[in-house]
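One structure is given below, encoded as structure tokens.
In what follows, every chain begins at residue 1, and chains take the letters A, B, ... in the order their sequences are listed.
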Amino acid sequence: MKIATWNINGVKARVEAVEEWLKEASPDIACFQEIKSVDEGFPREIFEGLGYNVETHGQKGFNGVAILSKLPLEDVQRGLPGDDSDEQARYIEATVSTPKGAIRFGCLYLPNGNPLGTEKFSYKLGWMNRLIAHAEKRLAEETPFLLLGDFNVIPDPVDAAKPESWVDDALFQPESRQAFRALVNLGMTETVRACTEAPETYTFWDYQAGAWQKNNGIRIDHILLSPQATDRLNGCGIDKYVRGWEKPSDHVPVWVDLAAA
DNA sequence: ATGACTCCCTACGGGAGA
């Protein structure tokens, strides 16, 4: 069972590319971030036509997350718990039932946090603390659980082509990296790190200054697995080729293959 | 480096992104 995450950077601008990738990659579940659309504006019919059930948590103009699944989506939960005043659409969670039992997963778009020293950075760290608290609850249930999405965190220097150029950026702050480690250290497996030791493994290349052509990338899209999900891990991958398409997103899809039957 | 690109909006310039 293939479960993928992709920050598509606007569903209106990306619908053709997303359709093409879905046909080629054929994920069982796809988690999208930055749909930049309200729920009513999401082209669900197109994806339903490809055999997917669709659930969205959108807002106008920016942010927004969506789940596509070939299996029915159950117990859909919108928004990250822990702050009722948070109106940003950055989290959606659901369950699918497989022959081996239920799998629950959260699709997340973690705040960017720039610039440092502003409420944006404290919002990022607060959001990460809420995510840690929520993951702790889910892990206590001891059922397969995944967190997938755009974490907006560069975990380690090896995860950036030019780590020195990110030292003043929210994505590479010690506090951001520590919170990410705290999340993983709850007992989750950071999948791509577990699947490959290949250098220059990135998921994002800036649109500016020829970053893609120079392979000046960073690895910020991650898939974290609970122990029960890790037991089923068959493999993972990054669909890097999508970055070379016409009108690409600046992120590429990342996926895991879990034994489901 | 207040840069560069790209996407969005009751839009034609500014916010947000990373």
Side-chain angles (χ1 to χ4, degrees), chain A residues 5-19 21 31-43 56-66 86-91 107-128 131 148-177 179-180 192 200-222 238 240 242-254:
Chain A
T5 175
W6 187 14
N7 180 323
I8 60 175
N9 188 17
V11 70
K12 295 175 191 70
R14 213 69 59 212
V15 64
E16 287 177 12
V18 170
E19 233 185 314
W21 172 75
C31 297
F32 294 146
Q33 302 86 37
E34 280 205 271
I35 63 173
K36 297 186 176 181
S37 164
V38 293
D39 295 331
E40 307 80 60
F42 193 78
T56 61
H57 181 39
Q59 68 182 91
K60 190 169 68 174
F62 57 107
N63 296 334
V65 286
D86 184 359
E87 294 184 344
Q88 298 194 34
R90 295 179 174 277
Y91 190 84
C107 167
L108 66 98
Y109 175 47
L110 209 146
N112 171 300
N114 281 306
L116 298 179
T118 67
E119 70 287 346
K120 292 194 174 185
F121 188 57
S122 49
Y123 174 66
K124 179 189 187 112
L125 296 179
W127 206 94
M128 294 188 84
L131 183 63
L148 321 79
D150 177 358
F151 282 71
N152 269 320
V153 174
I154 302 166
D156 291 294
V158 69
D159 298 311
K162 295 184 179 177
E164 67 278 8
S165 65
W166 295 94
V167 291
D168 293 324
D169 194 286
L171 278 62
F172 197 51
Q173 284 314 288
E175 295 95 327
S176 311
R177 295 169 59 198
F180 183 76
V192 172
E200 300 178 336
T201 297
Y202 309 128
T203 65
F204 169 92
W205 295 262
D206 201 286
Y207 287 123
Q208 304 179 68
W212 167 244
Q213 288 75 12
K214 298 175 191 165
N215 196 26
N216 180 15
I218 50 177
R219 194 172 71 90
I220 56 175
D221 300 272
H222 308 298
I238 299 175
K240 183 177 175 179
V242 172
R243 187 64 178 79
W245 284 359
E246 292 279 319
K247 248 175 75 114
S249 168
D250 37 10
H251 298 249
V252 297
V254 181

Where protein sits on nucleotides 9-18 of chain B, one letter per nucleotide: B base, S sugar-phosphate only, - none, heavy atoms under 4.0 Å: SB-----SSB
Atom pair distance, as rounded to whole Å: CH2 in A/W205 and C1' in B/dT6: 17 Å
Span that lies between the C1' atom of B/dA11 and that of B/dT6, in whole angstrom: 15 Å
Between A/W21 and A/W6, ring centroids under 6.0 Å: yes
Residue that, paired with A/Q33, satisfies side-chain hydrogen bond (donor to acceptor under 3.5 Å, both in side chains) out of A/D150, A/T5, A/N7: A/T5
Between OH on residue A/Y202 and CZ on residue A/R219, distance to nearest 0.5 Å: 10.5 Å
Short side-chain N/O contact to B/dC7 OP1/OP2 from A/R14, under 4.0 Å: yes
Evaluation steps, side-chain hydrogen bond (donor to acceptor under 3.5 Å, both in side chains), between A/Y109 and A/N152: CA-CA 8 Å; A/Y109 175 47; A/N152 269 320; 4.6 Å; no
Nucleotide B/dT6, atom C1' - distance to CH2 of A/W245 in whole Å: 18 Å
Spacing of A/K162 atom NZ relative to B/dA4 atom P, expressed in whole Å: 17 Å
Atom P, compared across B/dG15 and B/dA1: separation rounded to whole Å: 23 Å
side-chain contact (heavy atoms from CB on, under 4.5 Å) between A/W205 and A/K240, worked out: CA-CA 10 Å; A/W205 295 262; A/K240 183 177 175 179; 3.7 Å; yes
Inter-nucleotide C1' distance (B/dC7, B/dA18), Å rounded: 14 Å
Whole-Å C1' distance, B/dT10 and B/dC5: 26 Å
Exercise: do A/K36 and A/N9 side chains pair donor with acceptor under 3.5 Å: yes
Length of the CD-C1' vector between A/E246 and B/dC5, whole Å: 15 Å
